[in-house]
Every structure is written in C-alpha cells, then in structure tokens.
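Take a look at the structure set out below.
Predicted model, so just to flag it, every value in this text is computed and none were measured.
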Amino acid sequence: MAKLYLLLAAFFGGTGVILGAFGAHGLRDKVAENLLEAYKTGVHYQMIHALALIGIVLLINQIGAKTSLIVSGALFAVGILFFSGSLYGLTFGGPRWLGPITPLGGTLMIGGWIALFIAALGYTK
C-alpha cells in the first residue's frame, strides 16, 4: 500500500500544481468569482492531502501497515477525488448533483484524519 499511496501522492501533488496554475492563469475572468474560489479551495485541499498521503507512506514504512494507516490513506485519496473533483466539475459547469458530493468528500477527509488519530493512539516507539 505504501507504494500505491506514494504514487497517488505524487499524482495528486503534480496535478494540484498544474490545476492551481491553470486556475490562476487560465480561469481568471472566465468563470464567476465564487466558482474560482471554489476551484482554489479544491486545489488547496488536494495539495494538503497529497502531503498527508506522503506522511502516511512514511508512517507505514516506519511502524508497519497498520489497518488505521491503510484506512487513513484510502480515505484521503477518495476524499480528494470526491471533494476536489466535485469542485472542479462544478467550476466547469458540471451537473448540479456534484454539489452534494463535495461535503461527502470532506467527510471522507475528516475520516482520514480520525483514522490517523487512531493510529497515533496505538503508536509506541
């Protein structure tokens, strides 16, 4: 799982930079300000959780593939897809049903942090 999470972190980090640059240079004056802000929020959370995935990889390599760490990484990855992906879709005129997907993605990200907290409770050095 560590390799998969590292690959996902690299993918989400790289695409986050690309999407951020596109938003800063390609979307200004092309989409409504509220949509641009939502887009920026998607990029911001994508980048934070890409870094969090790297942290999960480091922890897996240090203390082992504990279930809580595996769950945390999975929730971060799916949360990025749902949260950031839905905001990107809405920015580009996607269907309105994407709106309720955003908080679901945020909930998954919160779940990832809770799973990491659970991993920390069991951590002993």
Side-chain angles (χ1 to χ4, degrees):
M1 289 308 285
K3 182 175 181 176
L4 173 62
Y5 289 163
L6 187 57
L7 288 167
L8 288 171
F11 174 79
F12 288 135
T15 57
V17 172
I18 292 166
L19 291 167
F22 177 72
H25 303 289
L27 292 181
R28 186 170 291 141
D29 300 325
K30 291 188 175 71
V31 299
E33 186 62 33
N34 66 320
L35 292 175
L36 186 57
E37 285 304 311
Y39 182 91
K40 288 178 184 179
T41 299
V43 171
H44 181 79
Y45 276 75
Q46 178 174 332
M47 293 301 292
I48 289 170
H49 288 86
L51 293 173
L53 276 170
I54 292 172
I56 295 297
V57 169
L58 294 173
L59 287 168
I60 288 172
N61 285 334
Q62 181 178 347
I63 65 175
K66 309 288 185 198
T67 301
S68 53
L69 291 175
I70 300 302
V71 168
S72 179
L75 290 172
F76 286 157
V78 176
I80 290 169
L81 292 173
F82 282 26
F83 182 84
S84 298
S86 65
L87 290 175
Y88 302 148
L90 290 167
T91 300
F92 295 109
R96 295 183 63 92
W97 58 261
L98 286 173
I101 301 297
T102 307
L104 176 59
T107 302
L108 292 170
M109 289 175 173
I110 293 167
W113 290 106
I114 292 169
L116 181 56
F117 182 82
I118 292 168
L121 287 174
Y123 178 75
T124 57
K125 185 165 180 165

Exercise for the section: May I ask you to test the W113-H49 pair for a side-chain heavy-atom distance under 4.5 Å? Expected result: yes
Exercise for the section: Could you tell me whether the side chain of Y39 reaches within less than 4.5 Å of the side chain of L87, counting heavy atoms only? Expected result: no
Problem - Gap separating the CD atom of E33 from the CZ atom of R28, nearest 0.5 angstrom - result: 8.5 Å
Practice task
Working to the nearest 0.5 Å, report the span between CE of M109 and CD1 of I48.
Solution key: 8.5 Å
Practice task
Verify the neighbour count for atom CZ of F117: are there more than 12 heavy atoms of other residues, nucleotides or ligands below 6.0 Å?
Solution key: no
Practice task
Over all heavy atoms of both residues, which pair between A9 and I54 is shortest? Give the atoms and the distance, please.
Solution key: CB-CG1, 3.6 Å
Problem - Within 6.0 Å of CG in D29, more than 12 heavy atoms from elsewhere - result: no
Practice task
Would you kindly confirm whether M1 and L69 end up in one hydrophobic cluster when ILVMFWY residues are joined by side chain heavy atoms under 4.5 Å apart?
Solution key: yes
Problem - Other residues, nucleotides, ligands: >12 heavy atoms within 6.0 Å of F22 CZ - result: yes
Practice task
Decide yes or no for L6 and L53: does some side-chain heavy atom of the first lie under 4.5 Å from some side-chain heavy atom of the second?
Solution key: no
Problem - Same cluster (ILVMFWY, side-chain, under 4.5 Å), L104 and W97 - result: yes
Practice task
Compare every heavy atom of R96 with every heavy atom of P100, then report the nearest pair and how far apart it is.
Solution key: CD-O, 3.7 Å
Completion exercise
In this structure, CG of L8 is separated from CG of L4 (nearest 0.5 Å) by 4.5 Å
Completion exercise
Correct closest heavy-atom pair for S68 and I118 would be CB-CG2, 4.1 Å
Handout entry: Step-by-step side chain to side chain contact (heavy atoms under 4.5 Å, CB included) determination, F76 to S72
Key = CA-CA 6 Å; F76 286 157; S72 179; 3.4 Å; yes
Exercise for the section: Would you indicate whether the side-chain heavy atoms of F12 and L81 approach each other to under 4.5 Å? Expected result: yes
Exercise for the section: Show your reasoning for whether side chain to side chain contact (heavy atoms under 4.5 Å, CB included) applies to L36 and T91. Expected result: CA-CA 7 Å; L36 186 57; T91 300; over 6 Å; no
Handout entry: Q62 vs L58 side-chain heavy atoms within contact, under 4.5 Å
Key = no
Problem - V43 reachable from L90 in the ILVMFWY side-chain graph, under 4.5 Å edges - result: no
Problem - In one Ile/Leu/Val/Met/Phe/Trp/Tyr side-chain cluster, 4.5 Å: I80, I18 - result: no
Exercise for the section: Carefully, step by step, assess Q46 and L19 under the rule side chain to side chain contact (heavy atoms under 4.5 Å, CB included). Expected result: CA-CA 10 Å; Q46 178 174 332; L19 291 167; 3.9 Å; yes
Practice task
Write down the atom of G112, the atom of L75, and the distance for their closest heavy-atom approach.
Solution key: N-CD1, 3.5 Å
Practice task
Give the cluster check for F11 versus L108: same hydrophobic cluster or not, with ILVMFWY residues linked at side-chain heavy-atom distances below 4.5 Å.
Solution key: yes
Problem - Any I56 side-chain heavy atom under 4.5 Å of L116 side chain - result: yes
Problem - Side chain proximity check, V17 to M47, heavy atoms < 4.5 angstrom - result: yes
Problem - Y5 side chain reached by I60 side chain, heavy atoms, under 4.5 Å - result: yes
Handout entry: Nearest-0.5 Å distance, OG1 of residue T107 to CZ of residue F83
Key = 10.0 Å
Exercise for the section: Working to the nearest 0.5 Å, report the span between CG of L27 and NZ of K40. Expected result: 10.0 Å
